[in-house]
Each structure stands twice: as structure tokens, then as C-alpha cells.
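Heads up, the thing below is written out as C-alpha cells.
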Protein chains: 2
Amino acid sequence: MSRSGADLALLLLGGFRSLVDSATAELARRGHEGVRPAHDFAMRAVAAGADNASELGRRLSVTKQAAAKTIAVLQERGYVTREADPLDARRKRLRVTPLGFEVMRQGEEIFEELRAQWERRIGPAELARFEDRLRELVGTEPVRLDAPGWVAQDLGGTGGG
Amino acid sequence: MSRSGADLALLLLGGFRSLVDSATAELARRGHEGVRPAHDFAMRAVAAGADNASELGRRLSVTKQAAAKTIAVLQERGYVTREADPLDARRKRLRVTPLGFEVMRQGEEIFEELRAQWERRIGPAELARFEDRLRELVGTEPVRLDAPGWVAQDLGGTGGG
DNA sequence: GCAGGTTCGACAACCATGTTGTCCATTACT
DNA sequence: AGTAATGGACAACATGGTTGTCGAACCTGC
């Protein structure tokens, strides 16, 4: 097989998609239609202190404009609120709503359940080992899940421009 | 830690991105600027017999229109040619050019090299085991790498998991 | 041989999610 | 106070998908 390398990549993608697709579907089933990982990520960043668009952009490694668009969606769905920042009139302070937190909570729960399923299939020790390897291989660089079609996108570092 | 499930997903994505980003960058370094996994996939499908837009769409699980757009790019870059099909005047027969094959070949080579690096890090046996687990977990469903921002996209009810 | 359905490919409009670039108000710095 | 930096808005555009529609070519049944 001359494609084991590429296959490995596909397999990794497959694993990710499998989890995320299932989680998204389950979240929808529970009444949170159309919640996507990116939303969760953004909310998490907001909850973690990225309480304005520019900062959120920085944390998510996207432009502030992109962050603003995401925020608009989150706000529209009632997952975050935006109020004037009393300390800085330029800012609009973001806050995750109870509904937003609820979605995050359920998301976590679902992912835990999915992981537990995998664990049941191959055993806890084996999954732990698997995760260890994965961590080793991936390293510590934070993972970006950004650009539309990033699978097919130009990547900053090199080809860039 | 209540996020091990989600972290597992991220880790998988990280692994995929790590490989793909490296491969894309390396391919660019070798003069094939802007070649993306989706291109490779499409070329592979063409080479494997999807020699018209509609068929390609089917194989890639995207609409024929989307396939047509991809083909346009591939053609523009000289990776595929389009000629009238002598047997069916509706069709434009696709063929991967030598350049296209070259890109595929180099892509494979690069992925192999990346996999070999991982192998060197954790050992062949361990990597094999890792891949086995991954295969078990992912199953045999073909992996789609389609929709723009699929990470953040609505997913048809199937869930895929 | 031809009517009617199916398929191919093209075009246009649109959605989603990014990106630059520009601009103004506000804040921070010197 | 004057100037730089920052936050956010808006507009234009790139990418890569999606529907919807349509004409031309093919296929099938009568």
C-alpha cells in the first residue's frame, strides 16, 4: 500500500467527523438545532474571558470581523449577549447566557458519552493508550477549526502569501 | 476533566491537520502551490474512473455543480483535461494529466514520509496498533471532506457515527 | 420515428464563513 | 494636546458548497 500515510490522515479525519457529526446530530435531537462545534468553541472562549469581538478573534485565530460574524449568530440564537462595556465605550461586552451554558454543558455530556462508547468497544486501557499516542503525535499546538473549507484552503505558514 | 470526549475529537482533528498542513506546505515547497487535499481527492476519483462531472460529484458526495467547479480549478491548473466524449455528446470526458499524476504521486510520497516520521517517533508496532484502533473506531464509512466549513455545518440527520 | 423521461453540463442566485480594506469613535501613550 | 493604537462596523470579495432551472443529448416504449 503506497497510501498508508494519506489513509492515516483520512482515518484521523474520519474519527473526528464521526464524533462531531454524532454530537451535532444528538444536540439537534435535544432541541439545539444547528449548533456547531465552532459555536461551542466561540462560547467557550467568551466564557473564558474573550468578552469582546477583537479578543475573541485573537483567541480563535481569526479576524475580528469573522469573530463579529460568529458573535452575531450566537447573539441571534440567544447564546450570548452584548452590552456596552462600562469601562471602555469602544467595546461591546460579551456574556454567555444560561442557554449558551446549557448548550455547552450538553455538548460536553454528549462528547463524554461518545467517548465512553469507544471506551466500551476497545477498553479503557486501550483508549487511554490511544489518546496518549495521539497526544504525542499531535503535540501541543492548539488546534484551529476555522477557515471555511480549510481542508481545501491555503495555509498561512508556507505556501501562504 | 469533563472534556476528555471533546478533547479526543480535537486531538483527532489536530492529527489530521498536522498531517495535511505539512503535506500541503511541502507540496507547495516542491512547486505545487495551492494544491489541496480536495484536489487530490478529485483527481484520484477521476483517475479511478469518474471521468465526467456528474459521476465525480457522485463519488465525492457533492453536487455535480460543485464537482464542476472543482474540475474547473483542476483544469485551469493543468491537472486534468476535458474533451468531448465521443460516445456521449453530453459528456466532457475528464482525464488526469501527467502533471496531475505527478502531483498525486508526490502527495503520496509526502504523506508516506510524514507517516514514517510518526513511526520513528513511536515505533512501527505502536503506530500499527494505533492505526488498528483508529480503524476500529472509525469503521468503514467513507470519509467525506466536502462542505465548506463542514466543521461548522449542518449535518444531515445520519450523524455518521 | 417519435414523444416523453432522464442525464449531462452550464448558468445564476444564494448561503456560510472566512479574508482585506476602510473608517470612525474612543482610549492609551508621550 | 497630539498621535498612535484599539474596537467595532461596513463593504467588497474569495472559496466552496447548495438549489433551481434550462437546453441539448440520450434512452425507452410504443
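Below, chains carry the letters A, B, ... as their sequence lines are ordered, and counting in each starts from 1.
For A:Asn52, whose side chain is taken as the heavy atoms from C-beta onward, the closest listed nucleotide among D:dG7, C:dG18, D:dT18 is D:dG7. Closest to the A:Thr63 side chain, of the nucleotides D:dT19, C:dT19, C:dT27, is C:dT19. Closest to the side chain of A:Ala53, from the set D:dA9, D:dG8, D:dG17, is D:dG8.
More than 12 heavy atoms of other residues, nucleotides or ligands shown are found within 6.0 angstrom of CZ on A:Arg121.
Comparing B:Ala89 and A:Asp88 along DNA chain D, the residue whose closest nucleotide (by nearest heavy atom) sits nearer the 5' end is A:Asp88. Take the nearest nucleotide of DNA chain C for B:Glu55 and for A:Ala67: the residue whose nucleotide is more 5' is B:Glu55.
Listed pair A:Arg58 / D:dG7 meets the phosphate criterion, a side-chain N or O lying under 4.0 Å from OP1 or OP2. Applying the 4.0 Å criterion to OP1 and OP2 of D:dG8, one finds that A:Arg93 has every side-chain N and O outside that range. Side-chain nitrogen and oxygen atoms of A:Lys92 include at least one within less than 4.0 Å of the OP1 or OP2 phosphate oxygen of D:dA9. Between A:Ser54 and the phosphate of D:dT6, there is no side-chain N or O to OP1/OP2 separation shorter than 4.0 Å. A sub-4.0 Å separation between OP1 or OP2 of D:dT6 and a side-chain N or O of A:Arg90 is absent.
Within the 3.5 Å criterion, the main-chain N or O of A:Ala53 finds no donor-acceptor partner in the side chain of A:Arg91. A donor-acceptor pair is defined here as one N or O able to donate and one able to accept, closer than 3.5 Å; no such pair exists between the side chain of B:Ser54 and the backbone of B:Lys64.
Counting atom types as modelled, A:Gln65 pairs a side-chain N or O with a base atom of C:dG21 as donor and acceptor under 3.5 Å. Side-chain atoms of A:Lys64 and base atoms of D:dG8 include a donor and an acceptor less than 3.5 Å apart.
Atom CG in B:Leu56 sits roughly 12 Å away from atom P in C:dC8 (whole-Å rounding). If you take CG of A:Asp51 and C1' of D:dT6, they are 14 Å apart, rounded to a whole angstrom. Between the CZ atom of A:Arg82 and the P atom of D:dG7 there is a distance of 14 Å, rounded to whole Å. The interatomic distance linking A:Asp85 (CG) with C:dA25 (C1') rounds to 15 Å, in whole Å. If you measure from atom CG of A:Leu74 to atom P of C:dA16, you get 14 Å, rounded to the nearest angstrom. For the pair A:Lys69 NZ and D:dT15 C1', the computed distance is 12 Å after rounding to whole Å. Between the CZ atom of A:Phe41 and the C1' atom of C:dG18 there is a distance of 17 Å, rounded to whole Å. Taking atom CG of residue B:Leu87 and atom P of nucleotide C:dT7, one finds them 18 Å apart after rounding to whole Å.
A distance of 6.0 Å or more separates the ring centres of B:Phe16 and A:Phe16.
Using a 4.0 Å heavy-atom cutoff across all strands shown, A:Ala66 reaches at least one base atom of the nucleic acid.
Side-chain contact, A:Glu112 with B:Ser4: a donor N or O sits under 3.5 Å from an acceptor N or O.
Cluster membership for A:Leu114 and A:Ile122, using ILVMFWY side-chain heavy atoms within less than 4.5 angstrom, is shared.
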